[in-house]
Amino acid sequence: MEQALLSEEVEQKGEEKWRVYQSLGRSASVHVPTSLSGRGEEVSVDEIRSASIHSHPYYPPSLHGALVSSPEPDAPPYAYDQAIVHQGGFGQYPSGNMSREFGRKILDEVEIRQLLIDHVGHRCCWGSRPARRWKIAAVEDCNVYVGTLETFMEEREIVKEREPYLKGEIDEKDKGPELGVWELDLRSEFPLLFVSHKETKVKVPHSESIQKCTECEGRGEIACHTCNANQEPGFYKEKQMSRCPACHGRGLIAHQDGSDTTCTKCNGKGLLPCATCGSRGLIKCETCMGRGSILTRSIALVNWRTLSNRKVSATTAAASVPDEVFHKARGVQLYNTQSYQCTPAYFADSYFLNQFSSEVIADRSPVPPSARIICERHIISVVPVTRVTMVHRKQSFSFYIIGISNEIYIKDYPSKFCWGLCCCLEWLKM
């Protein structure tokens with residue numbers, strides 16, 4: 001359960017805002033007037049330090065210092081620009097031509113056609129005739145909303161590490177209590193928040209101990225696997241010999257003239273000692289390197305990673321565009337909050353956005369039992385999308401102008417000469 005950190009009302013000239021703070025950041029329910037920018041405010045250093053007091057006792061307070069320099073989401077650094085928050089009607093998409101409100105100027109037909117011509121020009125097997133000659137029949141705005149919830153978590157588990165004990169002092173329990181896995185101080189290893197993945201190994205202090213090698217029962221030697229393969233555990237036989245393969249156990253080598261000579265391989269004995277142990281019956285134990293003792297210690301495996309949950313809400317006009325295209329597109333950020341555990345956003349005059357945010361939060365990725373949540377980040381953005389339909393006689397096709405940077409997405413261009421067999425040198429993605 002989250003613990004409230006601060007609760008205050010701030011009055012400003014010409015506007016009113018109230019903020020509710022939580023353990024690591026501001027609440028996800030922040031009222032933003034429609035006349036203001038919708039970008040969430042950054043968490044201050046003082047708030048972070050104060051928040052650490054209420055954090056879990058196994059987390060050192062300085063861990064929360066990573067909040068100061070947390071990286072941006074996986075999208076390009078320009079992907080979320082300041083813009084006026086438009087909060088539409090209840091239960092529906094904002095209506096009307098909204099390109100200007102979301103930071104992209106309204107394109108005329110000349111600019112639209114030029115964008116398509118430039119896009120086609122980077123495809124070696126696409127003809128430019130449809131882009132240049134076909135008529136623009138319809139231009140339709142169909143803005144898309146993208147919601148993300150990033151859960152930054154830390155996972156710890158203990159594994160046992162074993163190695164031959166050679167000699168020297170060990171860090172055993174007599175020198176201090178063995179710390180639990182969540183009591184380890186990992187401040188020097190803690191990464192920036194919301195990194196995709198980081199892994200480290202840490203030796204648990206005072207966890208070393210010396211144990212008798214179970215492989216050789218502390219003797220340092222085990223029965224030879226070659227000449228004592230069928231012996232019971234703990235028993236072996238010495239002077240096990242094998243028949244000489246050169247003379248077949250005769251000790252003599254027969255020649256074509258009927259004469260015999262002494263076998264040089266076995267010196268006429270007809271038997272050979274075990275090549276592995278020299279017929280001693282024992283070999284050095286590789287587990288303890290012949291020492292008879294094993295040094296064991298506890299190792300903490302620590303993983304920091306970000307679980308990302310994304311959701312796209314698009315009108316039917318943009319339903320044919322893959323979600324990945326909108327995730328990578330340059331859009332406008334309407335909402336940004338960072339907290340220990342984010343709650344749904346609140347927009348005073350948009351039931352649709354509130355419901356959309358709730359759906360993103362409800363799809364939160366499950367956290368493994370061995371992990372704990374460090375922080376979450378919830379972002380809602382809008383990607384301006386324009387659908388353009390071009391016609392020629394009885395043929396037609398549609399393409400999309402996506403995001404503030406006017407990226408083109410087109411699936412069924414009518415003039416292709418490679419039949420899908422060529423990568424078409426997509427220079428913009430190389």
Side-chain angles (χ1 to χ4, degrees), residues 75-76 79 83 86 88-89 91-147 310-332 352-353 356 381-430:
H86 182 92
Q92 62 182 6
Y93 290 88
S95 57
N97 193 331
M98 297 177 54
S99 297
R100 187 180 302 278
E101 293 184 4
F102 286 141
R104 184 175 76 182
K105 71 173 185 177
I106 300 176
L107 302 173
D108 57 28
E109 292 192 4
V110 175
E111 293 171 319
I112 290 174
R113 189 180 298 275
Q114 188 60 48
L115 287 172
L116 179 59
I117 292 173
D118 292 342
H119 180 79
V120 171
H122 287 88
R123 274 70 185 168
C124 65
C125 299
W126 290 22
S128 63
R129 184 179 181 85
R132 295 180 181 275
R133 301 293 181 85
W134 287 29
K135 179 183 177 180
I136 297 178
V139 178
E140 178 185 2
D141 285 330
C142 45
N143 299 301
V144 173
Y145 293 89
V146 179
R310 297 178 177 180
K311 188 177 181 64
V312 171
S313 180
T315 59
T316 55
S320 62
V321 181
D323 290 351
E324 292 76 12
V325 175
F326 299 124
H327 291 316
K328 297 177 181 179
R330 181 180 178 184
V332 177
F352 161 73
L353 288 178
F356 179 61
S381 60
V382 60
V383 178
V385 178
T386 300
R387 179 185 181 184
V388 182
T389 303
M390 304 188 74
V391 298
H392 178 68
R393 295 177 182 174
K394 295 183 179 181
Q395 291 181 288
S396 66
F397 75 95
S398 296
F399 67 94
Y400 298 85
I401 304 174
I402 299 175
I404 299 175
S405 57
N406 296 331
E407 298 291 336
I408 299 293
Y409 174 79
I410 179 171
K411 182 179 181 181
D412 298 319
Y413 188 70
S415 182
K416 291 183 180 180
F417 307 109
C418 59
W419 296 280
L421 302 177
C422 175
C423 64
C424 293
L425 299 179
E426 297 186 25
W427 301 105
L428 294 178
K429 298 182 179 180
M430 294 181 66

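These numbers were taken from a predicted model, which means no experiment stands behind them.
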Identify the heavy atoms of [X] and [Y] that sit nearest to each other, and give their distance.
| X | Y | result |
| --- | --- | --- |
| Ser320 | Tyr409 | O-OH, 4.1 Å |
| Pro130 | Tyr413 | CD-OH, 3.4 Å |
| Ser128 | Val120 | CA-CG1, 4.2 Å |
| Ala317 | Tyr400 | O-OH, 2.7 Å |
| Ile404 | Gly331 | CD1-O, 3.7 Å |

Side-chain atoms of residues 390-397: list all donor-acceptor pairs with protein atoms under 3.5 Å, sequence neighbours left out, distances to 0.1 Å.
none

*Report the C-alpha distance between Val146 and Arg310 in whole Å, list the side-chain angles of each, state the deciding distance to 0.1 Å, and finish with yes or no for side chain to side chain contact (heavy atoms under 4.5 Å, CB included).*
CA-CA 7 Å; Val146 179; Arg310 297 178 177 180; 5.6 Å; no
*Check whether any side-chain heavy atom of His119 sits under 4.5 Å from a side-chain heavy atom of Ile410, and report yes or no.*
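Yes, close enough: below the 4.5 Å cut-off.
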*Flag side-chain contact, heavy atom, 4.5 Å: Ile408 against Ile401*: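 Ile408 vs Ile401: side chains touch.
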*For Val325, the option from Val144, Val312, Ile402 that meets side-chain contact (heavy atoms from CB on, under 4.5 Å)*: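 For Val325, the side-chain contact (heavy atoms from CB on, under 4.5 Å) check succeeds only for Ile402.
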Side-chain donor/acceptor pairs under 3.5 Å, residues 107-117, sequence neighbours excluded:
residue : atom : partner : partner atom : Å
Asp108  : OD1  : Val110  : N            : 3.2
Asp108  : OD1  : Glu111  : N            : 2.8
Glu111  : OE1  : Asp108  : N            : 3.1
Glu111  : OE2  : Lys105  : NZ           : 2.9
Arg113  : NH1  : Ala131  : O            : 2.9
Arg113  : NH1  : Arg132  : O            : 3.1
Arg113  : NH1  : Trp134  : O            : 2.9
Arg113  : NH2  : Trp134  : O            : 3.0
Gln114  : NE2  : Asp118  : OD1          : 2.9

